[in-house]
Structures are given as C-alpha cells and as structure tokens.
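Attaching a single structure in structure tokens format; questions to follow.
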Amino acid sequence: MGLLRYTLLSVGGAVHPSSSSSRPLPLTPSKFSKCKFRGWHMASSPVKAPRCTLDKPVAGLTNKSSQVAAPTLTGIEDEWEVTKLAADIDPESISEWELDFCSRPILDIRGKKIWELVVCDSKRALEFTRFYPNNVINSITLKDAIMSIVQTLGVPKPQTIRFFRSQMKTIVSKACNELGIRPVPSKRCLSLIRWLEERYEPVYMRHPGFQEGAKALLTLEQSSPLELPDNLCGEKWAFVQLPLAAVQEEMAIVQEESCFGSVPDLDILGISLSDDTLIPGVAIASSRAMGLAAWTNALEITSIDVDRQRACLILSAGVSKRWIYAFYRKNRQTDQEAEAWEAAKKACGGLHFLAIQESLDSDSCDGFWLILDMPNPPV
C-alpha cells in the first residue's frame with residue numbers, strides 16, 4: 001500500500017489534494033492529534049463481540065404457535081411479494097442475511113396492522129418479502145419462513161442474520177438459535193434499509209389500507225453514551241479526509257482481508273460520487289494498533305458523530321450501543337472544526353470512515369471501516 005494521502009479537514013472548507021504539492025501528503029497532526037486518550041491495555045482473553053443490551057420483548061407477542069386461523073390479506077398485489085435469487089450468483093457465497101420482521105402502516109380488513117418479512121443479502125442477490133396478519137407473529141412463523149427461503153431458492157442456511165430492531169430480539173433470536181444461525185442485532189443492515197426506502201412509495205403507499213402519517217410500531221431507540229472500555233481506547237486522534245479514489249483503495253485491502261475492517265458496496269446502495277470527492281474520517285493512532293483494530297472489528301460499527309455539547313466523539317455500534325470515543329478541548333476553533341467535519345459527512349450522504357494505525361503519519365492501516373450513517377427507514 002502506498003502512503004495514505006490524508007489531508008486535515010480545514011475550518012470553513014475542505015482542503016483539496018490538488019492545492020498541495022504533488023508529493024504524497026502525510027497526516028499532519030492538528031490540534032486534535034494532541035488530545036490524548038486515557039491509558040489503555042489489551043486484555044489477554046480472545047476477541048469476542050460484546051453483547052448488546054436490548055429492550056424487552058414486544059408486548060403482546062409470544063413464541064407460541066397461534067391457534068387462530070390467519071385471515072386472508074386483501075389488497076396485496078402479486079408483484080409486491082418478492083422471491084428472487086440472481087441468476088449469476090453462486091448460492092454458496094451467500095452466508096449472511098439482513099432481515100426485518102415488523103408491522104407496516106397498512107391495515108387489513110379487520111383494521112389490524114399487516115406485518116411483513118423482508119430478507120436480502122448485502123448485495124441484494126437474494127431478495128424475499130412476504131406479508132402476514134398480526135395474529136401469526138411468532139418465532140415459529142419466522143423459523144418456517146427462513147427454511148422456506150432456503151428450500152425455495154436453493155441457498156444454504158445462512159451463518160448470520162442481522163436485524164436492526166431491538167424490540168424483535170426475542171422472536172428473531174429464538175428462531176435463529178433453533179436453526180443454528182447466529183443472530184446479530186445491528187443497524188449495519190444497509191442494503192435492507194435502502195430496500196425498505198425503495199418499497200415505501202410503490203408498495204406500501206399504494207395499498208388501500210395505507211395509513212398516511214402512521215409511525216412505525218417498533219421505533220428505533222437511542223441510548224445514552226457510555227464510558228469507552230479500555231480495550232477500545234487509542235492514544236491520539238485527528239479529523240482527516242481522503243478522496244474517494246483513495247478510500248476505494250483501502251476498501252480493496254479490507255476486501256482482500258489484508259487488514260481488519262468492514263466496507264459496504266457503494267454501487268448496491270446507489271451511492272455515486274466522483275473520485276475526487278473528499279470523504280471525512282477519524283484517524284486513531286495507537287502503539288498497539290493491531291490489537292486495537294482486532295477489538296474494534298468485533299463491533300458492528302454504525303456511525304461516528306460529534307457531540308458539541310459534550311465536546312467529544314460518539315461511537316455507535318450494533319443497535320443501541322454508544323460510547324464516548326474521544327474528548328477534545330472545547331473552544332471556538334475546535335467547535336468550528338467539529339462542525340465542518342459533520343458538514344462534510346452530511347455532504348457525502350452520511351459516508352465517513354474510521355482508520356486505526358500505529359501513528360498519525362503511518363503509511364498503512366491496521367483497521368479501516370467505511371461507515372454509512374443512514375436515516376431510519378420510513379416504516
């Protein structure tokens with residue numbers, strides 16, 4: 001890998017690489033790079049993904065099979081329910097699914113909300129949807145649906161299923177555990193959330209029972225940030241930015257599994273930016289960068305945000321886990337730089353990155369995560 005061509009985010013406007021000299025640009029420490037993390041150490045135990053503290057089961061839902069006959073759903077057009085596997089995909093390559101099992105802002109003939117199961121993989125090669133009445137919502141229904149997808153599409157049972165609604169933990173986890181599938185609560189269901197956005201107008205709004213202005217029955221919650229565990233702490237940090245072309249080089253390295261990290265498929269998500277678009281990020285320096293990257297990789301990182309009131313960065317992961325990632329000394333200049341970083345992230349549609357390396361002028365990363373901060377789905 002060549003020298004990382006970081007540039008510092010300038011207050012009042014981004015620094016474009018072309019405005020600098022032609023030689024590669026090392027990451028020059030800014031005022032933020034002087035902000036020290038508190039001391040940290042590597043634990044000797046193996047790296048394990050932390051458990052997310054989730055909410056209680058949804059009131060009124062059980063895991064017992066319903067004895068009530070399911071009413072016939074009306075107003076559901078054939079093309080709204082999808083069962084698809086791309087012809088050019090190797091079914092054995094699909095090992096992770098993204099799943100949503102939730103009510104929709106649609107009423108059936110009884111005046112009860114219709115539920116929907118939506119399943120896809122990150123590349124949308126596999127797509128499946130099915131509508132259900134509210135009196136058959138339990139883990140047995142979900143388990144049967146998962147196995148139906150496997151058998152109908154001829155794909156292997158997934159190793160992992162991600163879901164982003166914490167309130168569905170009981171039903172989803174029970175169904176997955178009984179099938180030997182690892183359930184992962186995570187907002188990193190990017191392809192799924194994008195698909196729900198795409199279905200809102202052409203599917204949900206067209207149903208005669210659509211309830212305009214209705215809020216989702218299962219809302220996404222945001223918890224208060226906690227103190228960062230020692231094993232996730234670095235030593236220095238800085239706001240930085242990379243042109244998209246350089247970000248794509250780092251993405252290729254992660255995809256080759258040459259370093260820790262995770263990157264989404266920008267084409268599948270419909271993100272189209274020019275190669276010279278500057279993507280904002282946060283660079284973390286640590287003398288134990290490899291170990292820090294390994295611990296960080298155990299998380300389902302979903303966003304990094306600036307909290308100007310607390311003068312800190314907030315690291316979000318999973319569904320509702322949030323930590324105070326780093327502090328900075330609050331003054332007008334640092335506030336302006338933090339505000340400029342958030343503005344740059346917004347201008348990129350929520351795209352940003354986290355890089356972990358031995359020093360802020362290292363020529364390679366031990367960990368690289370490209371993150372897309374997406375709004376909650378409309379349903």
Side-chain angles (χ1 to χ4, degrees), residues 65-66 69-106 108-109 113-165 168 171-172 174-176 178-184 189-210 216 218 265 267-270 377-379:
S65 180
S66 174
T72 301
L73 298 179
T74 60
I76 302 297
E77 298 187 14
D78 291 341
E79 66 267 23
W80 292 354
E81 292 194 326
V82 180
T83 303
K84 188 200 82 172
L85 181 66
D88 58 349
I89 193 72
D90 177 8
E92 297 295 328
S93 67
I94 302 176
S95 61
E96 296 184 353
W97 292 5
E98 299 174 8
L99 178 150
D100 185 39
F101 196 28
C102 185
S103 67
R104 300 297 182 235
I106 302 172
D108 62 17
I109 56 177
K113 279 193 173 182
I114 293 175
W115 284 60
E116 184 185 34
L117 173 64
V118 180
V119 176
C120 68
D121 68 314
S122 62
K123 294 187 178 299
R124 298 270 297 271
L126 180 153
E127 292 182 345
F128 177 90
T129 71
R130 190 69 75 240
F131 289 99
Y132 294 90
N134 74 331
N135 61 345
V136 298
I137 306 305
N138 53 56
S139 65
I140 296 176
T141 296
L142 181 57
K143 183 173 69 171
D144 290 345
I146 291 172
M147 290 310 300
S148 176
I149 296 171
V150 169
Q151 295 164 5
T152 301
L153 295 179
V155 295
K157 192 167 59 177
Q159 299 174 8
T160 300
I161 289 182
R162 287 184 173 84
F163 61 99
F164 63 88
R165 301 189 199 267
M168 294 305 297
I171 289 179
V172 176
K174 182 172 176 58
C176 288
E178 290 181 358
L179 292 172
I181 300 169
R182 184 171 71 103
V184 178
C189 300
L190 302 179
S191 296
L192 175 63
I193 293 174
R194 184 70 82 204
W195 193 17
L196 291 174
E197 293 175 352
E198 293 173 5
R199 287 175 64 79
Y200 187 72
E201 291 188 10
V203 176
Y204 310 133
M205 288 185 66
R206 284 180 54 195
H207 191 282
F210 176 74
L218 304 181
D265 190 317
D267 291 335
I268 295 297
L269 296 175
V379 293

Practice task
Starting at CG of D121, measure out to CD1 of I161 and round the result to the nearest 0.5 Å.
Solution key: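 Between atom CG of D121 and atom CD1 of I161 there are 12.0 Å.
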
Problem - Atom pair CD/CH2 of E127 and W195 - distance to nearest 0.5 Å - result: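 So the CD of E127 and the CH2 of W195 are separated by 4.0 Å.
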
Practice task
Give, for atom CH2 of W80 and atom CD1 of I106, the distance between the pair rounded to the nearest 0.5 Å.
Solution key: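 With rounding to 0.5 Å, CH2 (W80) is 7.0 Å from CD1 (I106).
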
Problem - Sub-4.5 Å side-chain heavy-atom contact between W97 and I181 - result: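 Side-chain contact under 4.5 Å: no.
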
Problem - Shortest non-hydrogen contact from P91 toward V155 - result: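 Heavy atoms only, the tightest pair is CB-CG1, 4.1 Å.
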
Handout entry: Nearest atoms (heavy-atom pairs only) where P202 meets R206
Key =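 Scanning both residues completely, I find the closest heavy atoms to be O-CD, 2.9 Å.
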
Exercise for the section: State, to 0.1 Å, how close L192 and E98 come at their nearest heavy-atom pair, and which atoms those are. Expected result: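 Of all heavy-atom pairs spanning L192 and E98, the closest is N-OE1, 2.9 Å.
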
Exercise for the section: Spell out, as yes or no, whether a donor-acceptor pair under 3.5 Å connects the side chain of T152 to the backbone of S148. Expected result: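 Present.
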
Practice task
Report the C-alpha distance between E116 and R199 in whole Å, list the side-chain angles of each, state the deciding distance to 0.1 Å, and finish with yes or no for side-chain contact (heavy atoms from CB on, under 4.5 Å).
Solution key: CA-CA 12 Å; E116 184 185 34; R199 287 175 64 79; 2.6 Å; yes

Practice task
Kindly compute the distance separating CD1 (I137) from CH2 (W115), expressed to the nearest 0.5 Å.
Solution key: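 Here the rounded value is 5.5 Å.
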
Practice task
Salt-bridge test for R194 and E198: reply yes if a basic N is under 4.0 Å from a carboxylate O, no otherwise.
Solution key: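 A salt bridge is absent here (no side-chain N lies under 4.0 Å from a carboxylate O).
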
Practice task
Of all the heavy-atom pairs spanning D100 and C102, show the shortest one and how long it is.
Solution key: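 The pair with the smallest heavy-atom distance is OD1-CB, 3.8 Å.
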
Problem - Rounded distance [0.5 Å steps], NZ in K123 versus OG in S191 - result: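 Answer for the NZ-OG pair, K123 versus S191, is 8.5 Å.
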
Handout entry: For the student: nearest non-hydrogen atoms of D267 and D265, plus distance
Key =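 Between these two residues, the closest heavy atoms are N-OD1, 3.1 Å.
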
Handout entry: L190 vs S122 side-chain heavy atoms within contact, under 4.5 Å
Key =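 With C-beta onward as the side chain, the pair stays apart.
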
Practice task
State whether the side chain of T129 and the backbone N or O of V82 hold a donor-acceptor pair below 3.5 Å, judged by distance alone.
Solution key: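 Indeed, once roles are kept as given, a pair shorter than 3.5 Å links the two residues.
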
Practice task
Please report the closest heavy-atom contact between I94 and A125, naming both atoms and the distance.
Solution key: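 Heavy atoms of I94 and A125 come nearest at CD1-CB, 4.4 Å.
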
Exercise for the section: Considering only NZ, NE, NH1 and NH2 on the basic side and carboxylate oxygens on the acidic side, decide whether R130 and E81 come within less than 4.0 Å. Expected result: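 Looking at R130 and E81, the cut-off is met.
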
Handout entry: Non-hydrogen side-chain atoms of K113 and N134 separated by less than 4.5 Å
Key =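 Not in contact.
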
Problem - Heavy-atom check, side chain of F164 versus side chain of L196, under 4.5 Å - result: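 Yes - at least one pair of side-chain heavy atoms lies under 4.5 Å apart.
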
Exercise for the section: Measure the CZ-CZ distance between R162 and R182 for me, rounded to the nearest 0.5 Å. Expected result: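 Reported to 0.5 Å precision, the distance equals 7.0 Å.
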
Practice task
For F163 and I171, run side-chain contact (heavy atoms from CB on, under 4.5 Å): C-alpha distance rounded to whole Å, both residues' side-chain angles, the deciding distance at 0.1 Å, then the answer.
Solution key: CA-CA 11 Å; F163 61 99; I171 289 179; over 6 Å; no

Handout entry: 4.5 Å side-chain heavy-atom contact, Y204 and P378
Key =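 They are not in side-chain contact.
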
Problem - Validation row: L99, L142 side chains within 4.5 angstrom (heavy atoms) - result: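 Of all side-chain heavy-atom pairs linking L142 with L99, at least one is under 4.5 Å.
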
Exercise for the section: Decide if atom CD of E178 counts as having more than 12 heavy atoms of other residues, nucleotides or ligands within a radius under 6.0 Å. Expected result: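 Check passes, neighbour count above 12.
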
Handout entry: Pair T141, N138: side-chain N/O donor-acceptor within cut-off below 3.5 Å
Key =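 Yes.
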
